[in-house]
Amino acid sequence: MNQMPQIPSETSFFRDIKVFEGLRKQIFPELLRRNYQQQQLNIWSAACSRGQEAYSLAMLLDDAFPLMVDRWTIQILASDISDEVLHQARSGVYSDLDIKRRLPKRFRDRYFHRQGNHWVICDEIRLMVQFRRIDLRQPLPPLPQMDLVFLRNLLIYFEVSQRTQLVNRLQPIFKPQGYLVLGASETLTSSIEGFRAILRDGAVFYEFCPSGDASGGDRPLL
Ligand SMILES: C[S@@+](CC[C@H](N)C(=O)[O-])C[C@H]1O[C@@H](n2cnc3c(N)ncnc32)[C@H](O)[C@@H]1O
C-alpha cells in the first residue's frame, strides 16, 4: 500500500456555506420531488472527520424539511478511516471553538445543550447519523444507492491517479442523477467520466450521469 501523507482532520459545521444554501434551496427540494414515491433519501458523508459535516446535513434537513424528516426514511451514513475522529463524532460533544465556527446561533440554541465547557448535540440529530469506519483506498463495503455523497477535502491530499481511482470506484453507489459534492478547492479532472458539473446557488455539484451524457453542465470539468 502507498505511504499516505498525514491527512488533517480539519472540519467545521456548515463548512462552505454556499453548498448548504444550494442544498436547501435547490438540491433537497429536487430530491424531495424525485424520491416522493419511495419516501427515502440516502446520504453519505465520506471522510466525515469529527462529524460536523454529517450533523450539519441532519440539522439542515430537520430545520428546512421537517415533514420529510418525520415521514421519510432518511439514512445519513458518515465514515472516516480514523477511529479517533469517529469516536468523537459518535459522542456528539464539541468545544466552544467548534460551536463558534460557522454554526448559526439559531442552530446552536435549537440542537445543542451545554455540558460543562462543552456542547452536546441533541439525540434527535445524533440518531439521524450512522458512523462507520471505511477506508476509501480499499474496496467499498456494500452500501445503499446514494442520492448525495459528500467527499470534501480529501482528494486534495491524493495524487491525480488515486483521485481518479477513488471517484471511479464510487460511481456504482450513486443513484442516476445523484450528486457528488467536493471541497471548495477541489475539482474533478477530465479523466473522470460520468459526472457533469452544475451550479446551484453559487456552489458546484457534480451530477452523476450514468448514460455517459455528462456534457452540457454549467461549467466544464477542469
Ligand atoms: C480534511 S478532513 C475533511 C473533513 C470533512 N469532509 C470536511 O470537508 O470538512 C479529511 C478526513 O479524511 C480522513 N481520511 C484520510 N484518509 C482517508 C481514507 N483513506 N479513507 C477515509 N477517510 C480518510 C481523515 O481522517 C480526515 O478526517
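None of these values were measured; they are calculated from a predicted model. In each ligand, atom 1 is the first atom listed, and ligand 1 is the first ligand listed.
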Open item on the list: Check for me whether Ile134 has a heavy atom closer than 4.0 Å to any atom of ligand 1.
Closed with: yes

- [ ] Could you label the plane-to-plane angle of the Phe174 and Phe208 rings as parallel, tilted or perpendicular, counting under 30° as parallel and over 60° as perpendicular?
- [x] tilted

- [ ] Identify whether Ile7 and Ile156 are in the same connected component of the hydrophobic contact network (ILVMFWY, side-chain heavy atoms under 4.5 Å).
- [x] yes

Enumerate donor-acceptor pairs with a distance under 3.5 Å from any side-chain N or O in residues 12-19 to protein atoms, sequence neighbours excluded.
| from | atom 1 | to | atom 2 | distance (Å) |
| --- | --- | --- | --- | --- |
| Ser12 | OG | Arg102 | NH1 | 2.5 |
| Arg15 | NH1 | Glu10 | O | 3.0 |
| Asp16 | OD2 | Arg152 | NH1 | 3.4 |

- [ ] Determine the interplanar angle of the Tyr55 and Phe131 rings, folded into 0 to 90°, and report it as parallel if under 30°, tilted if 30 to 60°, perpendicular if over 60°.
- [x] perpendicular

Open item on the list: On a heavy-atom basis, I'd like to know which of Ile81, Leu151, Leu182, Ile156 is closest to atom 23 (C) of ligand 1.
Closed with: Ile81

TODO: Could you tell me if any non-hydrogen atom of Pro8 lies under 4.0 Å from any atom of ligand 1?
DONE: yes

- [ ] Please could you name the atoms of ligand 1 that Glu10 approaches to less than 4.0 Å, counting only its heavy atoms?
- [x] 1 (C), 2 (S), 3 (C), 4 (C), 9 (O)

TODO: For Ser49, counting its heavy atoms only, list the atoms of ligand 1 lying under 4.0 Å from any of them.
DONE: 4 (C), 27 (O)

- [ ] Report yes if Asp135 has an N/O atom closer than 3.5 Å to an N/O atom of ligand 1; otherwise report no.
- [x] yes

- [ ] Flag Arg15 as yes when one of its N or O atoms lies below 3.5 Å from any N or O atom of ligand 1, and as no otherwise.
- [x] yes

- [ ] Please could you name the atoms of ligand 1 that Glu53 approaches to less than 4.0 Å, counting only its heavy atoms?
- [x] 5 (C), 6 (N), 7 (C), 8 (O)

Open item on the list: Below 3.5 Å, N or O to N or O, backbone or side chain included: is there any such pair between Ser9 and ligand 1?
Closed with: no

TODO: Could you state whether Leu32 and Met128 fall into the same hydrophobic cluster, counting links through intermediate Ile, Leu, Val, Met, Phe, Trp or Tyr residues with side-chain heavy atoms under 4.5 angstrom apart?
DONE: yes

TODO: With heavy atoms under 4.0 Å as the rule, classify the contact between Leu136 and ligand 1 as side chain, backbone, both or neither.
DONE: both

Task: Test of proximity, Val85 against ligand 1: N or O pairs below 3.5 Å - done: no

Task: Heavy-atom donor-acceptor pair, Arg114 side chain to Trp119 backbone, under 3.5 Å - done: no

Task: Arg152 neighbourhood, listing ligand 1 atoms whose heavy-atom distance to it stays under 4.0 Å - done: 3 (C), 5 (C), 6 (N), 7 (C), 8 (O)

Task: Exam field: side chain Asn42 to backbone Gln145, donor-acceptor pair closer than 3.5 Å - done: yes

Task: Backbone of Asn153 reached by a side-chain donor or acceptor of Glu186 within 3.5 Å - done: yes

